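The model shown is predicted, which means the values in this text are computed figures rather than measured ones.
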2 protein chains.
Amino acid sequence: MSDAPRPTIADVARRAGVSKGLVSFALNDRPGVSPDSRERILEAARELGWTPSLRGRSLSTGRSFACGLVIGRSPDVIAADPFFHSFIAGLEDVFSTSGQILVLAAATPGRHETETYRGLASDRRVDGFVITDLRADDERIALVESLRLTAVTLGHPDIESPFSSVSVEDGAGIRSAVAHLAELGHRRIAHVAGPQTMLHARRRADAFTQAAAAASVEHVVVTTDFSAAEGAEATRTLLASDEPPTAIVYSNDHMAMAGLGVAQRLGIRVPLDLSITGFDDTELGRHLHPALTSVATDAREWGTVTARTLLDALAGADPIHVELSEPALIVRESTGPAPHPHPRGGSRD
Amino acid sequence: MSDAPRPTIADVARRAGVSKGLVSFALNDRPGVSPDSRERILEAARELGWTPSLRGRSLSTGRSFACGLVIGRSPDVIAADPFFHSFIAGLEDVFSTSGQILVLAAATPGRHETETYRGLASDRRVDGFVITDLRADDERIALVESLRLTAVTLGHPDIESPFSSVSVEDGAGIRSAVAHLAELGHRRIAHVAGPQTMLHARRRADAFTQAAAAASVEHVVVTTDFSAAEGAEATRTLLASDEPPTAIVYSNDHMAMAGLGVAQRLGIRVPLDLSITGFDDTELGRHLHPALTSVATDAREWGTVTARTLLDALAGADPIHVELSEPALIVRESTGPAPHPHPRGGSRD
DNA sequence: TTGTAAGCGTTATCAG
DNA sequence: CTGATAACGCTTACAA
């Protein structure tokens with residue numbers, strides 16, 4: 001209850017009968033401390049309940065013991081994305097046991113993404129960054145490099161990068177979805193893609209196009225901003241076309257669920273008249289009717305591996321490129337055999 | 001490109017021909033600096049591109065210029081909750097323009113919630129906390145107090161608290177939902193509630209019970225953990241009962257959407273046979289079929305007000321209790337007139 | 001193996 | 001109004 005000032009390294013040194021310097025050495029277990037002294041020092045520290053001051057340490061070492069995650073997407077779009085929470089939990093799994101903390105910054109109306117990076121760096125608030133939602137020709141890589149900090153990117157950049165990366169081959173997930181649908185007899189499949197400025201959205205779209213072409217299936221790609229609203233809109237457009245697809249591969253679960261709503265509204269039965277697949281395998285998707293067939297990635301593992309990789313980079317390790325296990329297609333109820341061609345359209349040409 | 005060390009306050013002082021102390025005074029615009037000197041000092045700082053070192057400042061003032069948000073819920077439950085992203089965006093709206101940062105910590109399998117608070121505090125990594133998901137008899141209040149830090153709670157605690165709070169009267173939202181349903185002729189309404197250890201979940205449940213009783217409507221409450229899975233399970237139980245409700249008020253949108261899935265699966269038409277309401281007004285709910293009637297709160301505004309309140313508290317303001325504007329019921333398609341009593345059940349007693 | 005002393009970049013104190 | 005000087009709590013040469 002008393003406002004006793006916390007003990008400092010000097011208190012420990014005095015109590016152990018050694019110098020401050022030696023306490024520091026003992027603490028960071030560096031060579032050159034006799035077992036005897038080390039024991040006495042640790043003992044004294046324990047008795048005093050001393051923990052080294054991060055601030056003192058920070059000032060003298062020039063490190064922050066913190067990593068930054070800047071969220072650039074608009075909060076309205078991101079609010080719906082369950083990926084982040086699981087990913088962040090994964091980061092924390094590692095950071096929390098390594099004395100690191102996670103600084104979360106969001107670009108706001110009054111502050112652009114790059115300013116956010118600059119601010120965190122110029123205040124020396126972080127030692128490194130996690131770069132998510134990699135974009136084509138992503139300026140953040142050169143930015144972080146110029147800031148003399150390190151980073152780990154989620155996915156391989158499409159440009160030269162000095163940083164480690166941790167990737168998931170989500171193209172494989174899309175390919176399984178297309179293969180699954182082709183096997184069910186679908187000959188006209190659409191893809192509702194995310195923004196093509198985002199590398200992973202583009203990679204999924206490319207994988208879709210290639211897989212569909214390889215399976216000799218007619219295909220279309222519609223681009224969206226990943227939101228439920230645009231997912232719904234894209235679905236309406238597709239279903240209203242002259243030759244509507246019999247299956248739609250969505251680039252995330254939210255758009256797939258919104259698409260399901262659109263289909264139901266039009267009286268189109270899923271999966272009888274239309275098959276749909278999602279991406280992310282969200283909990284909610286499993287409880288809709290029909291339950292959503294979706295590509296499952298392990299966001300939490302992605303987080304732990306990313307954190308470890310960043311810590312290694314901070315410790316001076318050479319850049320590495322980690323490839324996580326391939327995402328798996330979880331088949332549920334929203335995909336089924338292609339409908340017979342008779343009932344709808346098609347007699348026009 | 002050269003590794004020039006960044007300028008320090010001493011450099012600025014030298015260049016301006018004054019002492020370090022005066023530079024500090026000028027910077028923090030404190031009285032006792034002649035306009036002339038101040039101008040010279042700011043000029044010198046600008047020329048040198050000097051920014052005060054947060055670390056030096058931190059060591060000397062004992063402040064961190066950071067606030068912490070500890071997430072205690074399991075990531076699997078929270079991953080689905082869109083509230084957090086919008087709320088965090090709101091916090092950032094304010095923090096980003098106040099030189100504060102947000103430290104996000106998650107309780108992990110290896111580290112309990114209280115240890116997380118303790119760790120952040122003992123490392124002096126934050127000056128204050130945002131306490132979310134307030135629980136009955138919440139230990140975190142005494143904890144933060146004993147840590148000699150400040151905090152802002154989301155909602156009023158049910159115990160004595162020295163901290164400011166920012167609340168939304170979500171009971172009002174639930175009451176509108178019940179009133180809306182009663183007006184539509186529903187005489188048997190259920191509530192799928194969140195964990196009753198969480199104050200806001202309990203408040204919603206209480207509001208439900210009172211409103212239903214006041215409207216002389218039969219009512220039941222089923223408790224869940226807020227997840228889609230338990231929301232679905234609760235719905236199955238309710239619909240399988242001898243006297244199933246004709247309307248269900250869910251404590252969040254995710255459970256409502258899962259409940260909708262369950263109803264559809266059972267061939268129960270919404271809103272013809274069953275009306276449902278959600279809470280949060282998520283984007284996705286708007287795109288389902290039927291579009292979800294839901295209670296809308298402004299999470300982002302909650303964030304900005306919370307951040308401002310916390311900043312005030314850090315500046316030494318007396319605790320205040322802010323009440324945000326009442327949430328509004330957004331009526332969409334998932335609620336409709338109560339079904340006629342004939343078709344289902346009811347002829348048994 | 002250990003002690004000494006000089007930083008790290010602020011803010012605070014207190015005579016001028 | 002000014003300007004030394006001393007904290008703040010640590011790390012790290014350099015000496016001993």
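Of the candidates B/Val166, B/Thr309, B/Val94, B/Asp298, B/Thr304 forms a side chain to side chain contact (heavy atoms under 4.5 Å, CB included) with just one, namely B/Val94.
Ring-plane geometry between B/Phe87 and B/Trp302 is classed as perpendicular, the angle between the planes exceeding 60 degrees on a 0 to 90 degree scale with a lower cut at 30.
A search for ring pair (Phe, Tyr, Trp, His ring centres under 6.0 Å) contacts involving A/Phe95 returns nothing, not counting sequence neighbours.
Using a 4.0 Å heavy-atom distance criterion, A/Ser58 is classed as making no nucleic acid contact.
Under the 4.5 Å side-chain criterion, counting only non-hydrogen atoms from C-beta, B/Ser53 is not in contact with B/Thr8.
A salt bridge links A/Glu43 and A/Arg46; the closest N-O separation between the charged side-chain nitrogens and carboxylate oxygens is under 4.0 Å. Taking 4.0 Å as the cut-off between side-chain N and carboxylate O, B/Asp36 and B/Arg40 count as a salt-bridged pair.
When the shell of 6.0 Å around NE2 of B/His321 is examined, it contains more than 12 heavy atoms from other residues, nucleotides or ligands.
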Generate the contact string for nucleotides 3-16 of chain C. Rules: B means base contact, S means sugar-phosphate contact only, - means no protein heavy atom under 4.0 Å. BB--BBBBBB----
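Atom pair A/Asp36:CG and C/dT1:P shows a separation of 11 Å (rounding to whole Å applied). Between the P atom of D/dC1 and the CD atom of B/Glu39 lies a distance of 15 Å, rounded to the nearest Å.
Direction change of the helix axis from one end of the helix from C/dT1-D/dA16 to C/dG16-D/dC1 to the other is 40°, with five pairs defining each end axis (rounded to 10°).
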If you apply the rule side chain to side chain donor-acceptor pair (under 3.5 Å), what do you find for B/Arg55 with A/Ser64, and how did you get there? CA-CA 9 Å; B/Arg55 287 170 184 160; A/Ser64 304; 2.6 Å; yes
